Every structure is written in structure tokens, then in C-alpha cells.
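Chain identifiers are assigned alphabetically (A, B, ...) following the order of the sequence lines, protein sequences preceding nucleic acid strands; residue numbering begins at 1 within each chain. If you're wondering where the values come from, they're calculated on a predicted model, not measured in any experiment.
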Amino acid sequence: MKISDTLTNQKKELEYSDKVRIYLCGVTVYDQSHIGHARTIIVFDTLRRFLEGNNIPVELIQNFTDVDDKIINRAKEQGESANGLSRKYIQTYFEDSDRLNIKRATNYPKATEHIDDMIDLIKNLVNNEIAYTSKNGVYFRVSKFSDYGKLSKKKTEDLESGARIEVDEAKESPLDFALWKFSEEPPNWNSPWGKGRPGWHIECSAMSIKYLGKNFEIHGGGRDLIFPHHENEIAQSESFTCEQFAKIWMHAGMITINGEKMSKSVGNIKSINHVLESWGPNVARLFCISGHYSKPIDYTEDLLKENLIKLRQIETCYYELRLAEEQEQSEDISLLLVESREKFDAALNDDFNTPLGLSVFFNMIKTINSFAADEKITKQMAKQALPVLEYMLEVLGIKVQTVSDEEVKSIFDLINKRETLRAEKQFEEADKIRDQIAGLGISLIDHKNRTLWMKKEPIKAENQ
RNA sequence: GGUGACGUGGCAGAGCGGUUAUGCGUGAGCCUGCAAAGCUUAUCUAAAGGGGUUCGACUCCCCUCGUCACCUCCA
């Protein structure tokens, strides 16, 4: 598999020995997460599913930043402890994540539970004079890291003249960033330099090294983290280990609204909860991988609607295969299946090109659905096709609604009753039964010689 | 101001130096008791603008214009 590496600006072969180790920068837990956060998570979840679907073990570490000025300020506003607030939003995060059908990461380390690891790392930097203490805290001496700027392609001179950096006379250079901030107020911890709390970037260095080692395969996050967060992580980590940090830097594009980045400060947020309520998890997932992961996706109702229609096609296909009956005619679809699987994998293997992969996927679905419409899907074909479809659904994280055996039985009885009525041309009565079936969440499709039933995901936005 | 990315048909969105991407939408037709879904076919014969390289460019190079992101917390 090849992945575009932000550091080298090239597609790099993903090399690994026993497993692929991924560190994903998670969220700062001070509020509900929005669909932009979801996009990044979905991209990496889908990547992980793809690797695992091809028998490549993955270790995925995703952190929670649970100590930070924003959390502290928000907690103060709400008269709550910082810890209580972050816990609450961690819980919300997991609720969102589960509903989005995100596989749980291997571990979700929290900053507050790794203070000692951070202190050890800072100690090392201080001892090597890469970090220094000032009256406000401990700072990283950027001038000691000659590669500074290599990820974000920035020159230190340009940054200095940028003049948008906070003015802090206690720092040797405006570029230096905090490893440890002194604070007498909680949340704070003891350190060799004084009471305080960690700077933002140090947690990811400490935790990624702790869980994944000094160099691991992929470090990911949103594009907006490239500078300064990931740049600073590289500086800290490589100063500490004297080795190359992550092998590949993979960054997900932003979700925009009217071409503008979704963010709290602009106030154009669509929360994950909101999107899930209106469109459900499958549409949300399809939407989030409908463009290449590295590019922005503009949030529009039209685009969500388009993905809803696609979900319906998937559901139709799934049930056509599941409920296939014996037919007189058939087609040979082995080649279609083999080619679809190959092209799907090839698309994802080439820099995780999900839009291309999806086009292969929907081509296959369209073809199968067209055979189904012509009464050409046999049990034998379905048996061949289902594993391929299910593999792709598993990779994409799409969950089609299923029904229990008892439900199947009652649905079956109702359908038979309706068929009898239809044969007798008692259409009003037949329609009543159809409504009754619809009440169970089941939709019917009348084919020439049979009636297909399917359980569609209820989508609120569809009826509006 | 600096850095990076991008500009493809009504919309979304890929690949590729010479062949239909694909999907959605739209028109017509088929199927159906109706509905839904599906099918067939058509539609749009796209490449921001201007140069250049080439036998040939949407694809490579240059310029102009435009959009966005980062340079401050940010997925």
C-alpha cells in the first residue's frame, strides 16, 4: 500500500514488520465533536478496517487531550471541575464513535494519565539543554532542532517575521513552545521545575513513544494539526530519541461549509450528533469518504442526500442477494466479482483512494441490482457474491439492517397474505398489509414473479 | 506578507500524455393494480484564462486570475 507522506510530499510504500502501528491525534474534550472530527476518525477507521480486512494487524492508538486551557476555561464557566468536564465529553465521544460504527482503537491514552512519561521526556530535553526553564514554564529551544519546519515546510525566519506568535518576553525566542506551564491552580501536578501542567504537544510525543515505540508506521490527524502541533511533536520526539519519528505522516482534509473550514470560531458547526440524528451512521460514513481523504469535503444537504440514495442501493443489493431464489436464467458474475474486489483493493492501496474504490463498489452493486431486476440472481450467484459484498461493507464500515428469524417468519406470512389478495385483485386490502409491513420497518419491492422485502435504515432527513 | 494545496460536465468526483471514469441529477421509455425499487436509452460531447513543450495535453512547463488551508487554539 502507498500513502502520501506529508513530510516528504511523496507517496510512500507502507512498510511494516509484524503490524502497522498508527498514532492518531484525537480530540480535546471540552465540547461535542463535530462532523469534521468525525471525518478524520472515519478515514482512519476505514484505513484500519482495510488493513485488517486484508489480514494486516493494526495497532491504533488515539489520544484524548484532557488537560488544556480550553477545558479549564470551559469548566470554570460551567462551574465544574476540568476533570469532570473532560470525562463527560469523553463519554460523549465514545457514544458518537460507537454510533458511527467506529472500531474501538487499541488504546485511548489520556494526557492526565501520562504526566510522568511527559516529565521524563522533558527532563531529558532539559538535561541536554534542548529545553530551558523560564519564569512561566519549561520551553523547547527551537534553535536546537535544525530540522524545525521540515513537516510544514516553514522556515524559522518566516515564522519569526510572521508576527502572529504570542509575545512572551520570558521566552528566548518567539518560536519556542511550552513543554510545561507553571500553574498554582489545579489541574496541576508536581514536577522538578515546579507545579504546573503539560504543554499541548508533549503528550503526543510521550504517549506515542510509550505505546508504539520510537518510530512507528503512521502518524495521523487533521491537516490543521500539521503546524504547529505535529511540527513540534517531531522536534520534541526526534530530539529525545535521536531517531526518525513516524515513518509516514498522513493528514485528513477539512470538512467545509460554503468552502470555509468548519470550526467553533467561525460558528459553522454540524455536530456528529446532529448528522447522526438526521442521516444516520451509514450516510455519514459514505459522505466522509466520498472525497479523497487529503482533500476538503464541502458539507451540503445535496451531498448527504446523494449518499443516502447510494445507501438505498446497497441495501437493495444486500437483500437481493440474501433472499435470492432459484431462477431459470442466470449470469456468470465470477469475473465481475473478482475484478471488483481487485479494483477496489487497488484503489485503496493507491493512497487510500476511497472515491475510486467506491465507484468500483457501486458499479458492482449496480450490475448485481440490474440482474436482480431481470430475475437473474440465483442462490448460487448470491453465495458467490455475498462474501465480496460483505468484505467491502466491512471495510467501509457500512452496517445493513438485519432482521431476526422470527421477524422473517412473520414478514413472510404477511407477504404471502398480500400475494393472495393481490392475485384476487383485492388491492385495497393488499395495500393495507403493505402498510402493516412498513410499520415493521420493512419495504417491499414487487418483482415479476416474487416480492423482495428489505429492512431499510430509517433516515429522518428522507421524509423532510 | 510567507508557505502549501487546489480550480474537471447542472452537482459530486477519479484516472490518464493519444481510448466511455463513475455516481447523482435531468428527459424519454420499459416494468407495476398502484407504489417503490430497478432497467433501457438519451442528455450534458467537461477541463479557470493565456502561452509553451509535443505528432498529440484535461494530464508536463510558465504566466495570469480565482478559491482554500496553515502561519494563533483547532480534526
(message) Rounding to an integer number of Å, can you tell me how far A/Phe344 CZ sits from B/G23 C1'?
(response) 15 Å
(message) Looking at A/Gln313, I'd like to know whether one of its side-chain N or O atoms comes within less than 4.0 Å of OP1 or OP2 on B/G23.
(response) no
(request) For nucleotides B/A57 and B/U41, find the distance between their C1' atoms and express it as a whole number of Å. (result) 32 Å
(request) Using atom NZ of A/Lys11 as one end and atom C1' of B/G15 as the other, report the distance to the nearest whole Å. (result) 10 Å
(message) If only side-chain N and O atoms count, and only distance matters, is there a donor-acceptor pair under 3.5 Å linking A/Asn307 with A/Arg285?
(response) no
(request) Would you state whether a donor and an acceptor, one from the side chain of A/Arg312 and one from the base of B/A37, lie under 3.5 Å apart? (result) no
(message) Is it the case that the side chains of A/Asp66 and A/Tyr89 hold a donor-acceptor pair, with the cut-off being a distance below 3.5 Å and no angle test?
(response) no
(request) Quote, to the nearest angstrom, the P distance that separates B/G18 from B/G51. (result) 23 Å
(message) Less than 3.5 Å apart, any donor N or O on the side chain of A/Tyr391 or A/Asp345 sitting next to an acceptor on the other?
(response) yes
(request) Report which part of the nucleic acid A/Leu225 touches: base, sugar-phosphate, or nothing (heavy-atom distance under 4.0 Å, all strands). (result) sugar-phosphate
(message) Between A/Lys155 and B/U3, is there a contact of a side-chain N or O with OP1 or OP2 at under 4.0 Å?
(response) no
(message) Could you tell me how far apart A/Leu175 (CG) and B/U72 (C1') are, to the nearest whole angstrom?
(response) 13 Å
(message) Tell me the interatomic distance from A/Arg223, atom CZ, to B/C6, atom C1', rounded to whole angstroms.
(response) 11 Å
(request) Quick one: sort the A/Phe245 and A/Trp249 rings into parallel, tilted or perpendicular, breaks at 30° and 60°. (result) tilted
(message) Does anything in residues 296-307 of chain A come within less than 4.0 Å of RNA chain B? Heavy atoms only, and list the residues if so.
(response) A/Leu303, A/Glu306
(message) Tell me if the side-chain of A/Arg434 makes a donor-acceptor pair with the base of B/C34, cut-off 3.5 Å, by modelled atom types.
(response) yes
(request) Send over the distance from A/Lys376 NZ to B/C31 P, rounded to a whole Å. (result) 16 Å
(message) I'd like to know if A/Lys154 reaches the base of B/C71 with its side chain, counting only an N/O donor and acceptor under 3.5 Å.
(response) no
(message) Between B/A75 and B/A36, how many Å separate the two P atoms, rounded to a whole number?
(response) 44 Å
(request) Record whether the side chain of A/Asp446 comes under 3.5 Å of the base of B/C34 through a donor-acceptor pair of N or O atoms. (result) yes
(request) For A/Ile445 and B/C39, give me the distance from atom CD1 to atom P, rounded to whole Å. (result) 11 Å
(request) Tell me which of A/Ala252 and A/Lys456 sits closer to the 5' end of RNA chain B, going by the nucleotide each one is nearest to. (result) A/Lys456
(request) Go through the side-chain N and O atoms of A/Ser4 and A/Asp351 and say whether any donor and acceptor fall under 3.5 Å apart. (result) yes
(request) Tell me whether the OP1 or OP2 atom of B/G15 has a side-chain N or O from A/Asn353 closer than 4.0 Å. (result) yes
(request) Write down the distance between CG (A/Leu452) and P (B/A35), rounded to a whole number of angstrom. (result) 19 Å
(message) Quiz question: by atom type and distance under 3.5 Å, do the side chains of A/Tyr299 and A/His34 form a donor-acceptor pair?
(response) no
(message) Please enumerate all residues that pass salt bridge (charged side-chain N to carboxylate O under 4.0 Å, His left out) together with A/Glu301, with sequence neighbours excluded.
(response) none
(request) Runs of at least three consecutive Watson-Crick or G-U pairs, both distances under 3.5 Å, are what I'm after; which ones involve RNA chain B? (result) B:1-7 with B:65-71, B:10-12 with B:22-24, B:25-30 with B:38-43, B:48-52 with B:60-64
(request) Could you give the distance separating B/U43 and B/A37 at their P atoms, to the nearest angstrom? (result) 25 Å
(message) Quick check on RNA chain B: between A/Asn258 and A/His229, whose nearest nucleotide comes earlier from the 5' end?
(response) A/Asn258
(message) Using 30° and 60° as the class boundaries, would you call the ring planes of A/His219 and A/Tyr23 parallel, tilted or perpendicular?
(response) tilted
(message) Does A/His251 reach a base, just sugar-phosphate, or nothing at all? Heavy atoms under 4.0 Å.
(response) nothing
(request) Check the angle between the aromatic planes of A/Phe361 and A/Phe344 and answer parallel, tilted or perpendicular using the 30° and 60° thresholds. (result) tilted
(request) Please confirm whether any donor atom in the side chain of A/Asp431 sits under 3.5 Å from an acceptor in the base of B/G33, or the reverse. (result) yes
(request) Could you check whether the rings of A/Phe177 and A/His201 sit parallel, tilted or perpendicular, using 30° and 60° as the cut-offs? (result) perpendicular
(request) Quickly work out the A/Phe361 CZ to B/G13 C1' distance and round it to whole Å. (result) 17 Å
(message) Once you measure the plane-to-plane angle for A/Tyr319 and A/Trp453, does it fall in the parallel (<30°), tilted (30-60°) or perpendicular (>60°) bin?
(response) tilted
(request) Please determine if a side-chain N or O atom of A/Lys261 lies less than 4.0 Å away from the OP1 or OP2 oxygen of B/C70. (result) yes
